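If you're wondering where the values come from, they're calculated on a predicted model, not measured in any experiment.
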Amino acid sequence: MGGLFSAPTTKLRTVAWLWVALGAAVLLAACTSSPSANRTSSATSQPTGSASASSAPSPTLKPVPKTPVPAATPGSIESTVAARTIRTLKPVPLTAEARFDRSVTARVGAVSRVDATGRIPGEVSGPALSLTVAFTNTSKTSVATGNVVVNVADMHKTPLVLLETSSHRVRPTLGAGATASGVYVFHLPAGFTNPVTVSVTYSAASPVVLFVGTA
């Protein structure tokens with residue numbers, strides 16, 4: 001009986017050992033080939049990346065043109081400014097028209113007593129004098145009226161304080177043949193006495209016109 005089964009058993013053992021040997025060979029081959037493949041892949045990809053980075057175009061920097069800056073002119077409190085004579089024309093009645101020059105005339109329109117409200121420091125609420133001053137451009141070109149100055153003084157030459165927030169200045173430009181008005185409101189102090197003198201100028205180069213009358 002032992003002789004009958006000894007041959008197959010030996011064959012089975014031989015096949016098993018062959019399978020074990022084959023598996024070990026496959027595993028050894030996998031372990032041996034994988035690092036080399038990784039090294040090959042890594043070695044191949046490194047030059048590719050370097051070549052790609054080195055082939056990118058560099059940005060072109062353009063030189064900024066040099067702009068000459070003029071040297072600052074130093075100022076001094078010791079500097080003397082040439083004096084300019086301001087011409088004051090003869091007074092006209094409060095209801096009359098006054099001419100500055102060949103281009104502009106002025107007229108005091110409505111004069112009224114009002115109650116004004118002070119809104120900023122220096123402004124006093126209470127009785128006030130409101131004047132409407134109309135300017136007419138008699139020339140054929142536009143005239144700048146953005147620097148109009150209106151002042152009022154009482155009989156004692158005491159100046160009244162302008163209430164800026166209650167006033168509405170004339171527009172800054174007056175077209176040819178146009179007329180525009182501004183409203184100027186002044187605080188009336190307790191000792192105010194008529195008559196008043198209204199002085200008006202429309203530019204630094206224009207003369208001063210005077211209006212005198214009862215307000």
Side-chain angles (χ1 to χ4, degrees), residues 73 75 77 79-215:
T73 303
I77 60 174
S79 301
T80 301
V81 179
R84 183 177 64 87
T85 301
I86 299 176
R87 188 162 58 100
T88 301
L89 303 182
K90 292 182 179 181
V92 299
L94 197 60
T95 56
E97 182 181 71
R99 176 171 287 279
F100 294 97
D101 46 36
R102 295 181 180 180
S103 301
V104 182
T105 64
R107 180 184 293 272
V108 177
V111 179
S112 58
R113 302 286 184 97
V114 298
D115 285 327
T117 302
R119 298 181 177 86
I120 60 176
E123 293 189 348
V124 180
S125 300
L129 184 66
S130 176
L131 302 173
T132 299
V133 183
F135 299 86
T136 300
N137 179 7
T138 59
S139 70
K140 295 182 179 180
T141 58
S142 297
V143 172
T145 50
N147 294 320
V148 166
V149 177
V150 178
N151 291 310
V152 178
D154 67 1
M155 184 182 70
H156 304 292
K157 308 302 180 182
T158 303
L160 306 187
V161 178
L162 177 68
L163 300 177
E164 188 69 44
T165 58
S166 298
S167 301
H168 302 280
R169 295 181 177 272
V170 67
R171 66 188 187 218
T173 304
L174 198 57
T179 298
S181 299
V183 178
Y184 302 85
V185 181
F186 297 84
H187 173 67
L188 282 177
F192 170 78
T193 307
N194 271 305
V196 295
T197 300
V198 181
S199 62
V200 183
T201 181
Y202 79 90
S203 73
S206 72
V208 178
V209 297
L210 301 176
F211 302 89
V212 179
T214 301

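Between the side chain of Asn137 and the main chain of Gly175, a donor-acceptor pair closer than 3.5 Å is present. Under the 3.5 Å distance criterion, the side-chain polar atoms of Thr138 are matched with a main-chain donor or acceptor of Ser103. No side-chain donor-acceptor contact under 3.5 Å links Arg107 to the backbone of Phe135. No side-chain donor-acceptor contact under 3.5 Å links Thr197 to the backbone of Val212.
Closest heavy-atom contact between Ala116 and Leu163: CB-CD1, 3.3 Å. Between Ser166 and Val185, the closest heavy-atom pair is O-CG2, 3.6 Å. Of all non-hydrogen atoms in Thr165 and Thr117, the two that sit nearest each other are OG1-O, 4.2 Å. Taking all atoms of both residues into account, the shortest heavy-atom contact from Ala180 to Val170 is CB-CG2, 3.7 Å. Heavy-atom minimum distance, Ala98 versus Phe211: CB-CZ, 3.6 Å. Minimum interatomic distance between Val104 and Asp101 (heavy atoms only, all atoms of both residues): N-OD1, 3.0 Å.
Going from atom OG1 of Thr132 over to atom OH of Tyr184 covers 10.0 Å, rounded to the nearest 0.5 Å. Annotation: the span from Asn194 atom CG to Leu129 atom CG amounts to 8.5 Å, rounded to 0.5 Å. How far NZ of Lys90 is from CG of Leu210: 12.5 Å, rounded to the nearest 0.5 Å. One finds the OG atom of Ser206 at 9.5 Å from the CZ atom of Arg87 (value rounded to the nearest 0.5 Å). Between the OG atom in Ser181 and the CZ atom in Arg171 there is a gap of 9.0 Å [rounded to 0.5 Å]. Considering CG of Leu160 and CG of Asp154, their distance stands at 6.0 Å, rounded to 0.5 Å.
Tyr202 and Phe100 have their aromatic ring centers within a separation under 6.0 angstrom.
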Derivation of the side-chain contact (heavy atoms from CB on, under 4.5 Å) call for Ile86 and Val208: CA-CA 7 Å; Ile86 299 176; Val208 178; 3.7 Å; yes
Given the rule in the side-chain contact (heavy atoms from CB on, under 4.5 Å) test, do Thr214 and Leu94 qualify, once you have shown the distances and angles that lead to the verdict? CA-CA 8 Å; Thr214 301; Leu94 197 60; over 6 Å; no
Walk me through it: do Val124 and Val161 pass the test side-chain contact (heavy atoms from CB on, under 4.5 Å)? CA-CA 9 Å; Val124 180; Val161 178; over 6 Å; no
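Electrostatic pairing of Glu164 and Arg119 does not count as a salt bridge here, judged by no charged N lying under 4.0 Å from a carboxylate O.
When side chains are defined from C-beta on, Val148 does not count as touching Arg169, because their heavy atoms never get closer than 4.5 Å.
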